[in-house]
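Reading through the structure tokens given below for one structure.
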Amino acid sequence: MAEGHEIEPPATDLITLTRHILSQQYALGERAAGDLTLLLIAIQVTSKYIASNVRKARLINLVGLAGAENVQGEDQKKLDVLSNDIMVNALRASGKVAVMVSEEIEDAIIVGGSKGTYCVVFDPLDGSSNIDAGVNVGTIFGVYKVQGSSGSVSDVLRPGNEMVAAGYTMYGSSCNLVLSTGQGVHGFTLDEALGEFILTHPDITIPDRGKIYSFNEGNSLHFYPPTNSYLDSIKYPKNGKPYSARYIGSMVADVHRTLLYGGIFGYPDDKKSKDGKLRMLYEAFPMAFLTEQAGGVATTGSQRILDVIPKNIHGRCPVFLGSKEDVEDLKKFYADYDGEKWGTK
Ligand code: AHM
Ligand code: MG
């Protein structure tokens, strides 16, 4: 074989997701009962099962509408409904969950008789508009610890900075699970032959500055002045090269790229959507948690996302997240912005 083309022997010490989660539990010593470990393992199984259905969707008649609307008044896709049921059943069966909130279900699910001490908020299949085209979609989740002796909705009406874990699974050309339990961000890739998530992206760190912006600029007619002025500043820079645009329309995919390559992802509030589009509990908070853990910044424009206190379980907030320097630049446009002058406050 020509020099430089030797095939590397396979690694003999794979770090699986289960091993990683267990090692984090062991590091806490006797303080850790292992409940979070079991909960995260349940989420891991749901991800494999949803991944398998997403991959086969076109072949097993899982594309298209389910014939119902969710609480947001959006048409549910068959895969939305299936993914939701997979998550609810697995989390309930784990015995570790007292409260669940799903994008697809109007009310919080209080798990009766549960001795579980955790609450899980999730979007079972985010990016539904991309499902039927086979474009990346994902599951987003966040975990809170129950505060009292039994779970109630107040346990999830808490800021994202109180989450104990957050992550997402992206169903794309590969299936990637990205997780943080507050000790950095670690990415795993599903090895389908082994049926295991393998650590492929240890300690993900967002570059301090990127070259990519990711906004749905089709909405710019409705954007407020600071959003458009910021976008102009990176498209028509006084010095240097303009930023590249990349927008998939699946938050999981757009945030995944932002974590790896840097840059800024934004879904602003605008004249049509006073709080933006993305839901706080199961979209904005988990992604803000991951972003900060990876060394980036996540803001509504005027406030740290993780400090926002949700008023209801499906509440929304504006989202700007990514590389520290890029998001700090955007924040300056918001700091200078006089909403009253523009008739927007
Ligand atoms: P969904 O939960 O109904 O899938 O909506 C959330 C998605 C996000 O993944 C994505 O960032 C955003 O909606 C895209 O919205 P738009 O199509 O308005 O650009
Ligand atoms: Mg969603």
Side-chain angles (χ1 to χ4, degrees), residues 46-47 50 54 57 63-66 68-84 86-88 100-106 120-142 160 166-172 176 178 212-223 227 231 245-259 263-288 290-291 298 300 305 310 313-322:
T46 66
S47 293
I50 296 171
V54 168
V63 293
L65 299 178
E69 280 187 356
N70 68 11
V71 58
Q72 343 271 342
E74 299 158 343
D75 286 326
Q76 287 180 304
K77 300 274 174 90
K78 290 180 193 167
L79 269 175
D80 283 328
V81 176
L82 181 80
S83 306
N84 177 70
I86 289 172
M87 292 285 287
V88 170
M100 288 181 248
V101 170
S102 165
E103 176 178 333
E104 302 301 334
I105 301 178
E106 182 160 4
V120 185
V121 292
F122 53 92
D123 182 349
L125 200 64
D126 185 63
S128 325
S129 70
N130 279 321
I131 291 178
D132 294 353
V135 175
N136 290 19
V137 287
T139 300
I140 311 174
F141 58 91
Y168 61 78
T169 309
M170 182 178 73
Y171 313 108
N176 292 90
V178 174
I212 296 173
Y213 73 102
S214 186
F215 287 62
N216 182 347
E217 278 196 285
N219 293 329
S220 56
L221 177 66
H222 310 296
F223 286 167
T227 312
L231 290 174
R246 294 282 186 278
Y247 187 75
I248 296 166
S250 284
M251 188 188 198
V252 169
D254 284 316
V255 171
H256 188 67
R257 184 200 53 248
T258 306
L259 289 176
I264 181 165
F265 166 83
Y267 209 108
D269 51 343
D270 65 27
K271 292 169 205 157
K272 279 179 67 182
S273 321
K274 83 174 176 45
D275 296 316
K277 174 180 183 186
L278 299 175
R279 274 54 57 114
M280 254 178 255
L281 277 184
Y282 41 79
E283 292 173 335
F285 286 177
M287 294 310 202
L290 292 167
T291 301
T300 63
I305 289 177
I313 59 172
H314 297 292
R316 301 167 195 257
C317 73
V319 173
F320 303 98
L321 59 80

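Since the structure is predicted, the reported quantities are computational estimates derived from the model, not experimental observations. Atoms within a ligand are numbered from 1 in the order they appear, just like the ligands themselves.
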Hey, which atoms in ligand 1 end up nearer than 4.0 Å to a heavy atom of Ser250? 9 (O)

Could you check whether any side-chain N or O of Arg246 sits under 3.5 Å from a backbone N or O of Ser214, counting only pairs where one atom can act as donor and the other as acceptor? no

So which heavy atom on Asn84 is nearest to which on Ser102, and how close? OD1-OG, 2.6 Å

Pull out every atom of ligand 1 sitting under 4.0 Å from any heavy atom of Glu283, numbered as shown with elements. 2 (O), 6 (C)

Give a yes or no answer on whether the side chain of His256 reaches the backbone of Thr169 with a donor-acceptor pair at less than 3.5 Å. no

Shortest non-hydrogen contact from Thr258 to Gly322? CG2-CA, 3.7 Å

Is it the case that the side chains of Thr139 and Tyr171 hold a donor-acceptor pair, with the cut-off being a distance below 3.5 Å and no angle test? yes

Donor-acceptor pair, side chain of Asp270 and main chain of Ser273, under 3.5 angstrom: yes

Which atom pair, heavy atoms only, marks the closest approach of Met287 to Met251? CG-CE, 3.7 Å

Could you grab the distance from atom CE of Met87 to atom CE of Met100, nearest 0.5 Å is fine? 9.0 Å

For atom 18 (O) of ligand 1, what's the nearest protein heavy-atom neighbour? Residue, atom name and distance, please. Tyr267 OH, 2.6 Å

Checking a contact table here: which protein heavy atom is nearest atom 10 (C) of ligand 1, and how many Å away? Gly249 O, 3.4 Å

Per-atom filter on ligand 1: closer than 4.0 angstrom to a heavy atom of Ser128 are 4 (O)

Any idea which of Glu103, Glu217, Glu104, Lys277 brings a heavy atom closest to atom 17 (O) of ligand 1? Lys277

For a quick test of reading the model, state the closest non-hydrogen atom pair linking Ala298 to Ala288 and the distance between them. CB-CB, 3.5 Å

Check each atom of ligand 1 against the heavy atoms of Met251 and keep those under 4.0 Å away; list them by number with element. 8 (C), 9 (O), 10 (C), 11 (O)

Short question: side chain of His314, backbone of Arg279 - any donor-acceptor pair under 3.5 Å? no

What's the shortest distance from atom 19 (O) of ligand 1 to any protein heavy atom, and which residue and atom give it? Tyr247 OH, 2.5 Å

Quick one: does Val252 get an N or O within less than 3.5 Å of an N or O on ligand 1? no

Please identify which atoms of ligand 1 are closer than 4.0 Å to at least one heavy atom of Asn216. 16 (P), 18 (O), 19 (O)

If you measure every N/O of Asn219 against every N/O of ligand 1, is any gap under 3.5 Å? no

List in chain and number order the residues that pass side chain to side chain donor-acceptor pair (under 3.5 Å) with Asn130, two or more places apart in sequence or in another chain; answer none if no residue qualifies. Ser250

Sorted by chain and residue number, which protein N/O/S atoms are under 2.8 Å from the Mg ion (ligand 2)? Glu103 OE1, Asp123 OD2, Asp126 OD1, Glu283 OE2

Taking the inter-plane angle between the rings of Phe215 and Phe320 on a 0 to 90° scale, is it parallel (under 30°), tilted (30 to 60°) or perpendicular (over 60°)? tilted

Give the residue and atom name of whichever protein heavy atom lies nearest to atom 6 (C) of ligand 1, and the separation in Å to one decimal. Asp126 OD1, 3.3 Å

Using a strict cut-off of 4.0 Å, indicate which atoms of ligand 1 neighbour a heavy atom of Arg279. 1 (P), 2 (O), 3 (O), 5 (O), 6 (C)

About how many Å separate CZ of Phe141 and CG of Asp123, when rounded to the nearest 0.5 Å? 12.5 Å

Indicate yes or no: does an N/O atom of Gly127 lie under 3.5 Å from an N/O atom of ligand 1? yes

What atoms of ligand 1 come within less than 4.0 Å of a heavy atom belonging to Asp123? 2 (O)

